[in-house]
Amino acid sequence: MSQAQAAVAQTNEHGLKKHEIRVSTVVFMIFCLVAAGCYGIEEMIPECGPGLTIAMLCILPFVWGLPFGLVASELGSVRPQEGGYYKWVQEALGEFWGFQAGWWRTISIYIDNTSYVILAGGYAATVWDMGIGGEFALKFCMIGIFTLINIRGVKDVGAVSTALSIFVMVAFGVVALCGFLNWGSDPSVTFQMTPEPAEGIGDWFFYIAGGISIGMWMYSGYESMSTIAGEVANPQVIPKGTLITIPLIMAVYILPTVAGLGSIGQFDNWGTDGDSVGYATVVSTFWGPVWGIIFVVVAILAQCSIYNTYIASGSRGFFALADDNLTPPVMVKVDKKYGVPYIAVLSVGIFNLLFCMFPFGFIIVLDVALLLSSYVMVYISAMVLRRRIPEEDYVFRIPGGNGLLGVICIVPTCVAIFAFFVNGSDYYLGGMIGLLTGPILYLIWRRMYGGLSKKDPEAFVCNPRTGLAVGDTRRISFLLLVITIMNLFALVFEPWYEGWGTEDAWESGDYFDGILEAADVDTIVGTIRIVLWIVTIVCALACIIIYLLSKKVEPSKEECRAAFKKSCDAISARHNKELEEMIREEEIAVAAEAVEKAAVAAAEDEDPKA
């Protein structure tokens, strides 16, 4: 960025600094947020079979990854703001649902980030005997180093992400090359669709369910870059980078996996444990054992690259919520030198440090439902905003009209609902408990900090009898109703799906990532059943009580609708104003740069020797 451009920019009311970021940097940052290598696919292969794994890696981008990438690109082009997906849902569905989506996704990123630290320590422990103290020291250094990098700003985060991404891409390119050069070397090579022959639709259901959650996780994260759009001088580079990254990630997943399975086979032995077959095995088998150690380093650096970029994404989610007076106001504090919300960044590091020594299964069990729920909210918001925002305002708009957009949003929403239940009863129960933190904290923090009503009490009418926005008690009741219905279905579906009390029942090691492998499986599922019933009954009673309360404390439905429309219109107006200011700043920066160039040219004309 030229000195003239720097002079006209570029901070918001809290002091966030904007940076000139290239499309290539965005591509590498999104690569880190979504992929950072193929790690995780190893678990799909023995569960689904080699053929079905490859098929799912090819199909899921079109029913999950690509739709969300396109939706994130469209919304990011018309609403390039700090907070990203949270702001999109807020504008489409209002303050309450915006908070739910923002909180669910932000807390899922905090959990995700902890899992990457845990995985990095686990990969290191497979090669070096560090003990608990050494493993914690490694995790502490990882958290400390990347927290400091993030405090220095988005530009430094992007530079580190670029370097780590290139290293990881080259490493998996080496795997693909090695595998294809040694194609068919192992007699066990097979691309059979499933681990055992599938007999009927029930078997196909179970094999697909065994890998779909991992596959969806592998193709998630395209929206995460949107949260830092307010710190990018030209935020339109984000949707451009997103569109480039989608096919790149497909290639990074599919080519090394096909090459590995086609060269060393052994699909039933693939996994992430130290003795399992994996991508490192491909190169160490054909090119020497030193490659095994190299790939442990690659695995650690891959986790570091994801961790680095997700600190930036997750911390900005909290910042945006606090900016709207919906989380503790300390989260909006910005470092004067670097223009970064340093308290929010530090909160990620502190959370990760507190939980990094917990088992991976304990951490990840809360994550999936939070992620899927926030994605469903974004899909709904995309359809709502398409009808509300004028077509000419979109820099990028998914072609095909509203009908195609509906298909693009509805299909992955159905996939998400399917994944809710097939993850397993442990993941489902943990996810439902995680979802309930949304309405509980909204109720507490909205009353404590004032929400959007504090910013503009006229546009965002507060109900003096509840301390919430008008109509919020009805929205809370509706959310509890949805959770109750889902829980009742789960109480029927999960026992059948997992075979509770039958010869085909899941084993204790299948729950909570094997943490409770020594426990009796009947005790585990019995506890899950009891807790799920308790949660269901509590949600049902709370739904009824809050709904009856809403009859007394809320105005008429017509008044609630009018207040909702007024608040959504105010949010849209505010976002349009921010966008106009952003465009004006960019035009001033371009004009200033032109003046600077003209001055340099004039000086050269006056002094030919210069």
Side-chain angles (χ1 to χ4, degrees), residues 79 83 85-104 320-329 373-374 376-389 435-486 538-577:
R79 290 293 185 260
Y85 50 83
Y86 158 64
K87 294 292 187 180
W88 305 337
V89 178
Q90 183 192 68
E91 181 173 358
L93 304 176
E95 185 179 11
F96 173 77
W97 295 110
F99 177 87
Q100 304 309 310
W103 170 256
W104 290 337
L321 287 165
D323 186 40
D324 286 337
N325 305 301
L326 290 170
T327 56
S373 299
S374 63
V376 170
M377 299 297 289
V378 172
Y379 282 125
I380 295 170
S381 300
M383 292 186 284
V384 172
L385 292 177
R386 173 66 78 87
R387 297 178 182 277
R388 191 180 295 169
I389 299 174
L435 288 180
L436 286 170
T437 63
I440 292 170
L441 287 174
Y442 177 81
L443 184 65
I444 296 169
W445 284 339
R446 179 61 166 76
R447 290 168 61 89
M448 284 180 65
Y449 305 122
L452 291 176
S453 300
K454 190 174 181 179
K455 283 190 167 185
D456 188 345
E458 238 183 82
F460 306 101
V461 180
C462 179
N463 185 334
R465 303 180 71 180
T466 64
L468 306 175
V470 171
D472 273 348
T473 54
R474 288 175 180 164
R475 296 180 190 103
I476 293 171
S477 178
F478 177 76
L479 177 56
L480 292 173
L481 175 63
V482 172
I483 292 175
T484 300
I485 293 170
M486 291 178 66
V538 170
C539 286
L541 290 174
C543 171
I544 294 168
I545 292 169
I546 294 173
Y547 176 75
L548 293 175
L549 181 66
S550 72
K551 293 283 191 180
K552 294 184 177 182
V553 300
E554 297 289 1
S556 66
K557 288 183 179 179
E558 290 73 20
E559 289 177 288
C560 286
R561 289 195 191 101
F564 172 75
K565 185 179 184 304
K566 185 178 181 181
S567 66
C568 288
D569 289 345
I571 292 169
S572 295
R574 188 175 65 172
H575 291 177
N576 286 329
K577 184 179 178 182

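Looking at R561 and K566, their side chains never come closer than 4.5 Å, going by heavy atoms from C-beta outward. When side chains are defined from C-beta on, S567 does not count as touching E95, because their heavy atoms never get closer than 4.5 Å. Annotation: side chain of I571 is in contact with side chain of L452 (closest heavy-atom distance under 4.5 Å). Side chains of M448 and P328 form no contact here, defined as non-hydrogen atoms less than 4.5 Å apart. P555 has its side chain within reach of C560: a pair of non-hydrogen atoms, C-beta onward, lies under 4.5 Å apart. Residues L468 and I476 meet the side-chain proximity criterion, which asks for heavy atoms closer than 4.5 Å.
Here the closest heavy-atom approach between residue S373 and residue L435 is recorded as OG-CD2, 3.2 Å. Residues F99 and Y86 share a closest heavy-atom pair of N-CE1, 4.0 Å. Looking at every heavy atom in both residues, G438 comes nearest to W103 through CA-CD1, 3.7 Å. T473 and S550 get closest at one heavy-atom pair: OG1-CB, 3.1 Å. Closest approach of C462 and S453 over heavy atoms only: CB-OG, 3.6 Å.
Between Y449 and W445, the two ring planes are tilted [angle within 30° to 60°].
With sequence neighbours excluded, the residues satisfying side chain to side chain contact (heavy atoms under 4.5 Å, CB included) with T484 are L488, T536, C539, A540. Not counting sequence neighbours, the partners of E91 by the side-chain hydrogen bond (donor to acceptor under 3.5 Å, both in side chains) test are R79, S572, H575. Listed by chain and number, the residues in a ring pair (Phe, Tyr, Trp, His ring centres under 6.0 Å) with F564 amount to none (sequence neighbours excluded). Shown here are the side chain to side chain contact (heavy atoms under 4.5 Å, CB included) partners of S381, two or more places apart in sequence or in another chain: V89, A92, L93. W104 meets the side-chain hydrogen bond (donor to acceptor under 3.5 Å, both in side chains) test with no other residue; sequence neighbours excluded. Partners of C543 under the side chain to side chain contact (heavy atoms under 4.5 Å, CB included) rule, at least two apart in sequence or in another chain, are S477, L480, L481. Evaluation of the side chain to side chain contact (heavy atoms under 4.5 Å, CB included) rule for V461 yields V470 as partners, not counting sequence neighbours. By the ring pair (Phe, Tyr, Trp, His ring centres under 6.0 Å) test, F96 pairs with Y442, sequence neighbours left out. Residues forming a salt bridge (charged side-chain N to carboxylate O under 4.0 Å, His left out) with K454 (at least two apart in sequence, or on another chain): none.
Atoms CG and CD1, from L443 and I546 in turn, are 7.5 Å apart once rounded to the nearest 0.5 Å. A distance of 6.0 Å separates CG in L541 from CD1 in I545, rounded to the nearest 0.5 Å.
Residue pairs meeting the salt bridge (charged side-chain N to carboxylate O under 4.0 Å, His left out) criterion with at least one member in residues 466-478, sequence neighbours excluded: D472-R475. Here salt bridge (charged side-chain N to carboxylate O under 4.0 Å, His left out) pairs that include residues 542-551, with residues two or more places apart or in two chains, number zero. For the side chain to side chain donor-acceptor pair (under 3.5 Å) condition, the pairs that include at least one residue of residues 456-469, sequence neighbours left out, are N463-E554.
The local environment of CZ in R388 is crowded, with over 12 non-hydrogen atoms from other residues, nucleotides or ligands closer than 6.0 Å.
Between D324 and R446 there is no salt bridge, since no side-chain nitrogen of the basic residue lies less than 4.0 Å from a carboxylate oxygen of the acidic one.
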